[in-house]
Peer 1: 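Could you have a look at this structure, given as structure tokens, before my questions?
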Amino acid sequence: MTTTDEATTERPKWQENQNGHTRFRTIVGVLRRYNVLSNLARQKNPQQVRAAFEELGPTFIKIGQILSSRTDIVKPDFANEFKKLQDNVKADDYAVVQRTIERQTGKQMDEMFASFDHEPFASASMGQTHHATLLNGQKVVVKVQHPGIDAEVALDISLFERALPLLRYIPESSVVDLREMVGEIKRSLFNELDTSIEVKNGSRFYRLNNRNDIIRVPRVYGKYSTQKVLVNQYMAGTSIQHFMAKVVTADQEDDHQYDDERRYLAHTLVQNFLKQVFEDGFFHADPHPGNILLRELQPGDIGYNDTVPQRHGKIGKRRLPPYRLIYLDFGMMGEISPALMNGIANVVVAVTTEDTRQVGKAILAISNRTGEVDEEGFFSELAPFLGQYYNSGLGDIDFQGLLFEMVKVCRSNNIQMNPAVTMLGKAFGTIEGIVETLDPNLSMLDVARPFARKYMREHLNLRNELEDGLLATMQGLRDTPKLPTRLLAALDTFENGQTRVNIVFSHRKLFIDRIDSMVNKVVLSVILAALIVGSSLLVQSHPDNSWITNIGIFGYVTAVVVIIGLVVGTLHSWYQHWRRK
């Protein structure tokens with residue numbers, strides 16, 4: 001964001017007034033004109049929402065970009081539409097960038113950089129990125145936040161939250177919890193504004209994954225990085241999306257020149273991602289093609305002759321192929337606790353059994369219950385989604401839609417999926433989409449099972465398992481002599497007619513509530529009928545007594561008002577049901 005005294009061009013519409021009241025009126029006006037809250041809550045008309053976000057400026061453009069990778073929050077149609085959002089923020093002048101860096105670091109530019117490109121090679125909502133060279137000759141990439149963007153984001157988010165009461169005018173929808181969505185967006189935005197978080201994430205990811213086979217991770221220079229400045233090692237390469245496009249063209253032309261490379265890249269991506277999950281417990285949560293670079297090495301390039309140990313425990317070393325995969329952008333990372341990791345391993349192993357009940361129980365074990373849960377109902381709703389894994393090929397599965405519907409099923413059953421699991425599912429689907437293009441015959445789920453089994457074997461406490469088994473066996477042996485006595489007592493109870501059978505059926509609470517509602521309506525109808533009949537008798541039997549006649553008329557009026565209320569309530573209920581369809 002360019003300061004007022006430095007602006008040389010007309011300011012964008014969203015930037016004309018930064019006064020809180022004026023900005024609030026602007027936000028509310030745009031939200032109403034494009035029906036943003038209604039469309040988001042009911043997941044309809046994504047084009048209107050995208051147009052509104054573009055009109056509202058950088059904060060909302062960034063919100064859309066965040067949602068474009070959160071198919072656990074919005075439908076795939078919305079995610080795909082938000083991917084079209086383009087940043088239209090004018091790049092800051094070099095003087096502004098220099099002032100930001102020097103104020104943040106407390107050093108002059110020439111004390112840190114041998115050279116610094118005055119023109120950014122990329123500019124986005126939150127900041128812009130420049131090429132530079134450190135004094136030791138290391139080429140780096142410097143990301144600098146726009147001045148005042150943190151205050152601007154805080155203002156817009158607070159005003160967006162103030163606009164949420166407009167939800168009371170929207171028919172109830174079970175598709176998306178809009179308040180939960182805004183909370184997720186708020187956390188993501190503020191995390192991205194605090195560059196120190198990305199510094200920690202990048203340093204940890206570098207330590208765990210750099211030089212894992214052909215994986216390379218740029219080094220983060222914390223010495224030069226601050227809350228608003230991020231300095232990373234420069235690594236050459238192009239988005240893996242370009243290679244994927246070549247692969248698609250080669251398939252169409254029946255060209256096999258990329259076969260070896262594409263299979264190696266796919267296998268490496270899968271193996272490394274599963275290592276991040278089951279070994280590190282720390283994974284890249286946004287591994288879309290724009291955040292993964294591919295660099296083709298030429299003879300003489302540094303690293304061209306690198307070697308690594310042989311796979312599968314073989315003795316010796318092997319030479320790496322002449323290409324490298326480079327991970328970028330560590331603002332969105334996922335972390336898994338050992339207990340959660342064990343639960344995820346149980347889910348993966350349970351999927352192998354194709355037993356819906358076992359998979360459902362494994363999912364429940366790693367989720368939170370926000371209310372009463374009908375487990376049988378949850379299992380029955382879960383079956384169609386698992387069937388897609390059991391019976392469909394990799395290319396036939398819509399992972400984005402599957403994740404969204406899965407979260408929706410959990411929410412409707414009072415089950416809240418652990419945020420780390422939701423993030424993992426989204427990342428899993430993103431990586432799987434890349435792998436499906438590179439090597440359709442490689443299934444991440446098939447590769448994940450050995451990882452999960454290995455994890456469970458390595459973390460199995462054999463001593464505790466044997467002790468638990470021994471205690472269970474001893475308890476069974478102790479209870480065995482009592483079986484004949486208990487069986488005889490049960491037969492005596494049955495013979496004396498004292499048997500009681502408890503029947504449990506699904507949706508019992510809903511059924512009882514509806515019966516209760518029906519009984520209440522019947523009772524109210526009887527009371528109204530009695531009121532009308534009584535009022536008629538009073539009016540007809542005492543026509544000359546005005547106060548008794550007035551009591552009868554009051555009974556008529558009361559009955560009519562109650563009947564009108566019942567009719568209006570029923571029509572409103574029908575209308576809400578129709579709107580939710």
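In what follows, every heavy atom counts, from backbone to side chain, and hydrogens, waters and symmetry copies are set aside.
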Peer 1: For the residue pair His284 and Phe205, categorise the inter-ring angle as parallel (less than 30°), tilted (30 to 60°) or perpendicular (more than 60°).
Peer 2: perpendicular
Peer 1: Indicate yes or no for a side-chain donor-acceptor contact from His130 to the backbone of Val144 under 3.5 Å, with no hydrogens or angles considered.
Peer 2: no
Peer 1: Ignoring hydrogens and angles, tell me if any N or O in the side chain of Asp280 forms a donor-acceptor pair with the backbone of Phe282 under 3.5 Å.
Peer 2: no
Peer 1: Using side chain to side chain contact (heavy atoms under 4.5 Å, CB included) as the criterion, list what pairs up with Asn212, not counting sequence neighbours.
Peer 2: Ile215, Asn272, Lys275
Peer 1: Nearest heavy-atom pair of Pro287 and Ala285: which atoms, and what distance?
Peer 2: CD-C, 3.4 Å
Peer 1: Enumerate the residue pairs fulfilling salt bridge (charged side-chain N to carboxylate O under 4.0 Å, His left out) with a member in residues 415-425, sequence neighbours excluded, ordered by first and then second residue.
Peer 2: none
Peer 1: List the residues meeting side chain to side chain donor-acceptor pair (under 3.5 Å) with Gln233, not counting sequence neighbours, and say none if there are none.
Peer 2: none
Peer 1: Give a yes or no on whether the backbone of Pro218 and the side-chain of Asn232 come within a donor-acceptor separation of less than 3.5 Å.
Peer 2: no
Peer 1: Is the shortest distance from a Lys or Arg side-chain nitrogen in Arg99 or Glu102 to a carboxylate oxygen in the other one below 4.0 Å?
Peer 2: no
Peer 1: Give a yes or no answer on whether the side chain of Ser337 reaches the backbone of Leu340 with a donor-acceptor pair at less than 3.5 Å.
Peer 2: yes
Peer 1: Are Arg204 and Glu335 ion-paired here, with the side-chain N under 4.0 Å from a carboxylate O?
Peer 2: yes
Peer 1: Looking at Glu296 and Arg324, is there a salt bridge between them, counting it only when a charged N and a carboxylate O are closer than 4.0 Å?
Peer 2: no
Peer 1: Let me see the working for Ser115 and Thr133 under side-chain hydrogen bond (donor to acceptor under 3.5 Å, both in side chains), right down to the final yes or no.
Peer 2: CA-CA 5 Å; Ser115 65; Thr133 306; 3.1 Å; yes
Peer 1: Name all residues meeting the side chain to side chain donor-acceptor pair (under 3.5 Å) criterion together with Asn45; count only those two or more places apart in sequence or in a different chain, and write none if there are none.
Peer 2: Asn39
Peer 1: Say whether, by atom type as modelled, one donor and one acceptor occur between the side chain of Asn191 and the main chain of Arg187 under 3.5 angstrom.
Peer 2: yes
Peer 1: Between Ser239 (side chain) and Pro289 (backbone), is there a donor-acceptor pair under 3.5 Å?
Peer 2: yes
Peer 1: Got a salt bridge between Arg23 and Glu152, using NZ or NE/NH1/NH2 to carboxylate O under 4.0 Å?
Peer 2: no
Peer 1: Would you mind telling me which of Ile157, Asp156, Asp150 makes a side-chain contact (heavy atoms from CB on, under 4.5 Å) with Leu189?
Peer 2: Ile157
Peer 1: Looking only at atom types and distance, does a side-chain atom of Asp93 sit under 3.5 Å from a main-chain N or O of Val96, one as donor and one as acceptor?
Peer 2: no
Peer 1: How would you list all residue pairs meeting side-chain hydrogen bond (donor to acceptor under 3.5 Å, both in side chains) that involve residues 193-202, not counting sequence neighbours?
Peer 2: Asp194-Ser196
Peer 1: Suppose we screen for ring-ring contact (aromatic ring centres under 6.0 Å, His included). Which residues come up paired with Phe82, at least two apart in sequence or across chains?
Peer 2: Phe53, Phe78
Peer 1: Is there a donor-acceptor pair closer than 3.5 Å between any side-chain N or O of Asn414 and the backbone N or O of Val373?
Peer 2: no
